[in-house]
Amino acid sequence: MNKYIESEKIELKEKYRETIVKEIVSFLNGDGGTIFVGVKDNGIVVGVNKSDEVLRKISDIITSQIEPNPQDEIKSEIKFDDEKPIIVIHINKGKNHIYCQKKYGFSSTGCSIRIGTTCKEMTPEQIKIRYEQKFIDREYMIKKKSNSKELSFRELKIYYSEKGYHLEDKTFESNLNLRNEIGEYNLLAELLSDKNNIPFIFVKFQGKNKASISERSDYGYGCLLTTYSKIKNRLQAENICISNTTVRPRKDTYLFDYDCVNEAILNALVHNDWLVTEPQISMYNDRLEILSHGGLPNGLTKKQFFEGISKPRNATLMRIFLTMGLTEHTGHGIPTIVEKYGKKVFEIESNYIRCIIPFEKEVTAVLTNKNVGLNVGLNVGLNKTEKRVIELLREKPSYTSADLAEKIEVSKRTIERTFKTLQEKNIIERIGSKRDGKWIVIK
């Protein structure tokens, strides 16, 4: 009797192909199962050539081609049958309500499920129901295990100290819900730790589409509060102002409404589905796009969304932002954006929300040299050293005067004088002590 027979729980593959990702997703969305690579449909073992290389490819698929990341649910190994190597992929039923192939997203093509011995595409209605169920438990950030076992929170403690809160080393992790029910660091802890593996990309494109990238900056891999501060500073620097001196009083026009953009960024951070991936910020010649994952929280309608009714997906993270004074639980953020730009700037789908902030045409005209009657003021009054210090501090706030002196090739005393000047101009601010603190660019 053949010991390898395809069933609802078993899939046989004669050879490895990248399309195996569909079977993996199907088992995750179903009741789990096992894939044998190197076994024909009729159960005959043929083995796998270059089995180590194939195992690495399967590992890459698991970590990079499936959302949410299913690493904890899958184990792969090499076994020998008739002295031939076969690869066995053990897939548990997914802990999340729904999984998809990243390149197709949460669509019928991207979401499949195991039925009998075949993989079937899920219907849009099935996807919608599963996706909404995903958010019934809003404390998933607390229950989801961190990918890192060793985390530190020096920066988080500094932020709380600056706000007048004293955090006891023995209790602050439990008070801030940084561990799950069995004492492991959770996803919330990972987001707020000094060092993590979570990126946060800001991309500038040349033109009005993604054909050409002019700059790609990553402000992640650390405490989310610091990430927000870096993004905020970057957007302030990008918000060019032009002044019309031909009228009295002088008329200042900015590239975009900074308050609206700030509200959009805060909403993206607090309401994003971090189980999928991080929010994304893209800047084009004519607009700024802020994309957050997860769509509207379960039970919140578009009408309620535009009215400013607040229903945070990540309630604990929201409370931390509230404590830091970074946001208010008043629901005024969306109405503020709508009042300035209208509802049309929001693109709301089942699995994401995109806020598209258009640039002021008067400013973009100047930037493309179509209007020379206005004066553009950018970094006015700053010398070369001051500009370079600001640039380096945006990259790494923890730079010391000695570090910057070496990088810029000036004396340490020159850097210290520059710090003082920039503080007096209210461009930089010191957070924390002289020994353990850092410089934050606030303009």
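Numbers here are sequence positions counted from 1.
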message = If we count only N and O atoms by modelled type, under 3.5 Å, do the side chains of Tyr185 and Ser193 hold a donor and an acceptor together?
response = no

request  = Answer yes or no: are there more than 12 heavy-atom neighbours, outside Glu339 itself, under 6.0 Å from its atom CD?
outcome  = no

message = Are the side chains of Glu73 and Tyr99 in contact, using a 4.5 Å heavy-atom criterion?
response = yes

ask   = Can you find a side-chain donor-acceptor pair between Glu416 and Thr414 that sits under 3.5 Å?
value = no

inquiry  = Any side-chain to backbone donor/acceptor pair from Asn272 onto His293? Under 3.5 Å, distance only.
reply    = yes

task = Apply ring pair (Phe, Tyr, Trp, His ring centres under 6.0 Å) to the pair Phe153 and Phe172, showing each step before the final yes or no.
result = CA-CA 10 Å; Phe153 304 95; Phe172 91 94; 5.8 Å; yes

Hey, can you pull the donor-acceptor pairs under 3.5 Å for the side chains in residues 352-361, sequence neighbours left out?
from	atom 1	to	atom 2	distance (Å)
Tyr352	OH	Glu347	OE2	2.4
Arg354	NE	Glu347	OE1	3.4

More than 12 heavy atoms from other groups under 6.0 Å of NZ on Lys102 = yes

task = Report yes if the distance between the aromatic ring centroids of Phe419 and Trp439 is under 6.0 Å, otherwise no.
result = yes

ask   = Is the number of heavy atoms from other residues, nucleotides or ligands within 6.0 Å of CD (Glu150) greater than 12?
value = no

request  = Count the heavy atoms belonging to other residues, nucleotides or ligands that lie under 6.0 Å from NZ of Lys120, then report whether that count exceeds 12.
outcome  = no

ask   = If we only count heavy atoms from C-beta on, is the Val88 to Ile35 side-chain gap below 4.5 Å?
value = no

query = Does the side chain of Ser152 pick up a donor-acceptor pair with the side chain of Asp194 at under 3.5 Å?
reply = yes

ask   = Between the side chains of Glu77 and His90, does any donor sit under 3.5 Å from an acceptor?
value = yes

inquiry  = Any heavy-atom pair between the side chains of Ile408 and Glu391 that's under 4.5 Å?
reply    = no

inquiry  = When you compare the side chain of Asp52 with that of Val54, does any pair of heavy atoms fall below 4.5 Å?
reply    = no

message = A side-chain contact here means heavy atoms from C-beta on lying under 4.5 Å apart; do His271 and Met318 qualify?
response = yes

key: Atom CD of Glu181: over 12 foreign heavy atoms under 6.0 Å   = no

query = Are Phe305 and Phe346 an aromatic pair by the rule of ring centers under 6.0 Å?
reply = yes

inquiry  = Quick check: do Ile290 and Leu288 have side-chain heavy atoms less than 4.5 Å from each other?
reply    = yes

ask   = Near Tyr258 OH, under 6.0 Å, is it more than 12 heavy atoms from other residues, nucleotides or ligands?
value = yes

inquiry  = Against the six-membered ring of Phe306, is Lys343 placed for a cation-pi contact (under 6.0 Å from the centre, within 45° of the normal)?
reply    = yes

Exercise: do Ser59 and Arg56 side chains pair donor with acceptor under 3.5 Å = no

ask   = Hey, what's the ring geometry for Phe202 with Tyr219, parallel, tilted or perpendicular (30° and 60° as the breaks)?
value = perpendicular

message = Can you confirm whether the side chains of Asn351 and Glu349 place a donor and an acceptor under 3.5 Å from each other?
response = no

query = Does a donor on one side chain sit under 3.5 Å from an acceptor on the other, for Tyr228 and Asn233?
reply = no

query = Considering residues, nucleotides and ligands other than Tyr104, do more than 12 of their heavy atoms fall under 6.0 Å from its OH?
reply = no

request  = Considering only NZ, NE, NH1 and NH2 on the basic side and carboxylate oxygens on the acidic side, decide whether Glu406 and Lys412 come within less than 4.0 Å.
outcome  = no

ask   = Would you call Glu289 and Arg287 a salt bridge, using N to O less than 4.0 angstrom?
value = yes

ask   = Just wondering, do Ile91 and Thr34 contact through their side chains at under 4.5 Å, heavy atoms?
value = no

